[in-house]
> 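One structure follows; several queries about it will come next.
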Amino acid sequence: MVKKNILHIGEQTKAVHAGERPDSATKASAPNIVMSTTFVVDSETGFSVEGMDENDAWVYTRWGNPTIRQLEEKLAALEEAETAVAFASGMGAIVALLFHLLKSGDHAIISDVAYAALSEITNELIPELGIEITKVNTSDTEAVSAAIRDNTKLIYVETPCNPILRLTDIGAVALIAHKAGAKLAVDSTFATPVATKPLQLGADFVVHSLTKYLGGHGDALGGVLLGNKSELVPLRKKTSIRLGGTISPFNAWLIIRGLATLPLRMRVHQENALKIAAYLEQHPKVGRVIYPGLKSHPQHELAERQMKNFSGIVTFQVKNREDVRKIADKLQIIHYAVSLGHHRSLIFYLNSKDLLQTSFKFAASEQYDSWNAFAGEGIFRLSAGLENAEDLIADLEQALDN
Ligand SMILES: Cc1ncc(COP(=O)(O)O)c(C=O)c1O
């Protein structure tokens, strides 16, 4: 239990202690999992969340729950945010944010390359609600400025972006957003609060898929929005409580446990990813290797400025596309599976052409060319886990030398 000045203690201490307190009845040191969906209340308690206050007694788990609250407090401490609202998944958090900020007639600028499900809902579902969307390469600040309209309410960026690890200068885009009276939201899933704190750089909202590094063990879906109380208190009522999408207290508990080792894990993810990236860069069968920690990354200077840790994802091409299947099949330690940020290493091959036509739906050929110039056609996205780096490299070596 840390009673005072939680914002001024070290990151690893926060990861272990923030949000947690011994159970008042049993004095248990580890957090309880409170699975109850309902709580015994006094007869004065109302049925609407309208007048609800954050400090009110627990009523119903969709309104709030002690285990979920502990998770939210730990996340807010790590991100140095005023407050946090947890969701059942990263997509749950993203959709809640879009519902909170946008209404028919509004315009939003979204990264032209972003997590596939966000790309897909902003191609169809969101425009169907009368909200205009412009997809922009947000690493190009001039393109972001040029896309601003009178009705722009939101700029949404992912940095590093999934799957090509292109970066966006958060501070520069925050200035553009605020000059236009719009909000900036940053999906910082790939960076984690250990690497980057977007709120300190001027962002209004941070989004994480807790399913990835923050949970860290591939056993719980979750998502979170972080920012100021003035936005997130009403957002909780309007979206989380009324639309549902509440995280299970059991998942919240698993993620609390995962978070306790986040700074330690990120150190090893980065160390392993750097060694793997350096190994892949010199392999004759490998083409382009993209990793923000490599000097060859086109935005390495921005990475050094904006990321205290380069995280654990390495994106690379193999020169001969015929080899892709064999490599995937031969891996023995690294799991061929979607997702990332787990203690287990994961790899997945993304066929750029398919993604460009389905998720990203690039209309203009310049966007297609801009992707190809940055990432090329056909990429493996490798999430370096916490195994010994030499074992991961040996696994890649035997798979590449097929
Ligand atoms: C960058 C990023 N944001 C959001 C999500 C969505 O998270 P979830 O799968 O928890 O809904 C993902 C999932 O891969 C992601 O990579």
Side-chain angles (χ1 to χ4, degrees), residues 68 71 75 79 84-99 110-122 125-126 135 138-139 154 156-168 170 185-196 198 203 205-226 239-240 243-248 250-252 254-255 258-259 266 269 290 292 307 310-315 335 337-342 344 346-350 355 358-360 375 379-385:
I68 299 173
L71 169 67
L75 289 164
E79 197 69 61
V85 183
F87 290 85
S89 68
M91 280 312 296
I94 293 168
V95 169
L97 182 70
L98 299 180
F99 267 79
I110 313 274
S111 273
D112 59 354
V113 178
Y115 175 58
L118 169 70
S119 300
E120 287 160 8
I121 60 165
T122 48
L125 179 75
I126 302 298
K135 303 274 182 102
T138 53
S139 68
L154 168 68
Y156 186 103
V157 309
E158 214 175 78
T159 180
C161 77
N162 188 0
I164 63 171
L165 308 180
R166 202 170 59 189
L167 310 181
T168 290
I170 297 169
V186 175
D187 183 333
S188 197
T189 299
F190 274 42
T192 84
V194 173
T196 308
F205 297 94
V206 175
V207 179
H208 288 287
S209 165
L210 301 174
T211 320
K212 309 297 183 317
Y213 286 108
L214 302 199
H217 295 78
D219 49 15
L221 285 174
V224 70
L225 292 176
L226 299 120
T239 61
S240 165
L243 297 182
T246 313
I247 190 170
S248 155
F250 184 55
N251 280 9
L254 286 169
I255 296 166
L259 281 169
M266 290 313 293
H269 283 302
I290 308 174
M307 302 180 77
F310 299 121
S311 195
I313 318 290
V314 181
T315 291
H335 284 190
V338 296
S339 207
L340 51 104
H342 303 170
R344 262 175 231 100
L346 305 173
I347 197 167
F348 206 75
Y349 185 73
L350 300 152
L355 275 177
T358 54
S359 301
F360 304 135
I379 44 177
F380 274 110
R381 183 189 65 197
L382 168 63
S383 170

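For ligands, and for the atoms within them, numbers begin at 1 and follow the listed sequence.
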> With rounding to the nearest 0.5 angstrom, report the CD1 to CG distance, I379 to L355.
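These two atoms lie 7.5 Å from each other.
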
> Quick one: which of T159, T315, D112, T138 gives a side chain to side chain donor-acceptor pair (under 3.5 Å) with R166?
D112

> Between atom CZ of R381 and atom CD1 of I290, what is the distance when rounded to the nearest 0.5 Å?
13.0 Å

> Could you state the interatomic distance from OH (Y213) to NE2 (H208), rounded to the nearest 0.5 Å?
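So the gap between those two atoms works out to 12.5 Å.
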
> Please report the interatomic distance CG(L221) to OG1(T211), rounded to the nearest 0.5 Å.
4.5 Å

> Quick one, list the residues around ligand 1 where some non-hydrogen atom comes in under 4.0 Å, by chain and residue number.
S89, G90, M91, I94, Y115, E158, N162, D187, T189, F190, S209, T211, K212, G222

> Once rounded to the nearest 0.5 Å, what's the spacing between atom NZ of K212 and atom NE2 of H342?
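Reported value, rounded in 0.5 Å steps: 6.5 Å.
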
